[in-house]
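Start at 1 with the first residue, then count along the sequence.
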Amino acid sequence: IFSLTGRNILVTGGGRGLGKAMALGLARYGANIALMDINMDLAQQVASEIESIGVRSLALRGDVTNEQDGERVAETVVDAWGNLDVLVNNAGISIQAPAEETPLAEFKRVYEIDVYGSFILAKAAFRPMARQRRGSIINIASICGLTVLVPQPQVAYNSAKAAVIMLTKTLAAEWARYGIRVNAIAPGYMLTPPVLKMREDDPQRYEYWMSLTPMGRAGEPSELEGAAIYLASDASSYMTGNVLVIDGGYTCS
């Protein structure tokens with residue numbers, strides 16, 4: 001029931017970090033993977049890695065904040081492979097600044113990518129999924145959407161990820177009648193490029209973060225693979241509107 005053989009999956013922001021890790025994990029379970037990214041060099045490198053696993057892959061340039069790009073990418077996947085079974089809305093950004101010093105333009109930019117981008121791609125995926133009466137949308141939220149992390153000031157990111165969680169629940173309720181399931185993954189501290197850089201630049205802050213995590217460490221990007229495979233596969237066929245928290249226990253308290 002965890003097999004993804006023959007499933008066609010679109011991953012946004014799949015050129016690096018969590019998107020890349022999930023894309024490779026899904027491919028190892030048999031899925032064909034299309035990567036939507038603004039950086040074609042990175043997307044093509046990951047597509048080559050995926051093809052070496054023995055499944056098909058597409059590297060597609062696109063901006064998740066552009067509605068035409070979202071529709072074009074979804075249509076390209078359907079034209080190439082016949083259908084679109086799973087969408088992983090992974091593309092996102094964060095900025096850190098005190099709320100009173102955060103420019104409105106930067107606040108809006110976080111929402112444009114993290115929230116509007118997820119909505120745009122979900123809408124683009126809706127048509128083929130509704131037509132086949134089956135589909136799974138996986139939104140990448142964050143524990144920041146469930147609790148305020150300290151000491152970093154990131155009002156835009158926290159509130160945007162909270163919006164992604166409510167977007168997930170609302171689409172799940174509205175689209176269940178079409179056979180489309182919508183769930184989210186909320187990662188905690190993961191060893192993505194920004195976190196790795198912060199660990200190097202500010203080890204004291206990094207150790208403080210880890211002291212608040214019961215497991216005492218950050219997660220490896222590959223540790224999201226299992227959750228993505230579960231939500232993409234028939235193993236989660238009766239699950240929709242939920243948030244899987246993968247955080248080493250951070251939100252226990």
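Within the model, atoms CZ of Arg109 and CG of Leu104 stand 14.0 Å from one another, a figure rounded to the nearest 0.5 Å. Note that CG of Asn66 and CD of Glu112 are 11.0 Å apart. Values are rounded to the nearest 0.5 Å. Interatomic distance, Tyr116 OH to Tyr111 OH, rounded to the nearest 0.5 Å: 8.0 Å. In this structure, CZ on Arg72 lies 6.5 Å from CE on Met36, to the nearest 0.5 angstrom. Summarising the geometry, atom CE belonging to Met190 is positioned 10.5 Å from atom OG belonging to Ser142; distances are rounded to the nearest 0.5 Å. The CD1 atom of Ile180 sits 8.0 Å away from the CZ atom of Arg133 when rounded to the nearest 0.5 Å.
Under the 4.5 Å side-chain heavy-atom criterion for Ile, Leu, Val, Met, Phe, Trp and Tyr, Ile140 and Leu244 are members of the same hydrophobic cluster. Connection of Leu87 to Ile138 is not established within any shared hydrophobic cluster, with ILVMFWY side chains joined at heavy-atom distances below 4.5 Å, either directly or through further cluster members.
By the 4.5 Å heavy-atom criterion applied to side chains, Ile95 and Phe107 are not counted as neighbours. The shortest distance between side-chain heavy atoms of Ile50 and Val55 falls below 4.5 Å. Put simply, the side chain of Val11 does not reach to within 4.5 Å of the side chain of Met22, judged on heavy atoms. Using a 4.5 Å cut-off on side-chain heavy atoms (C-beta onward), Gln204 and Asp202 make contact.
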Enumerate donor-acceptor pairs with a distance under 3.5 Å from any side-chain N or O in residues 119-131 to protein atoms, sequence neighbours excluded.
none

Would you sort out whether Thr168 and Asn139 count as a side-chain hydrogen bond (donor to acceptor under 3.5 Å, both in side chains), showing the intermediate values? CA-CA 7 Å; Thr168 299; Asn139 294 323; 2.9 Å; yes

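In summary, Arg7 and Asp234 engage in a salt bridge, as defined by a charged side-chain N under 4.0 Å from a carboxylate O.
Looking at residues two or more places apart in sequence or on another chain, you find a ring-ring contact (aromatic ring centres under 6.0 Å, His included) between Trp209 and Tyr189.
Between Leu224 and Pro187 the shortest heavy-atom distance is CD1-CG, 3.8 Å.
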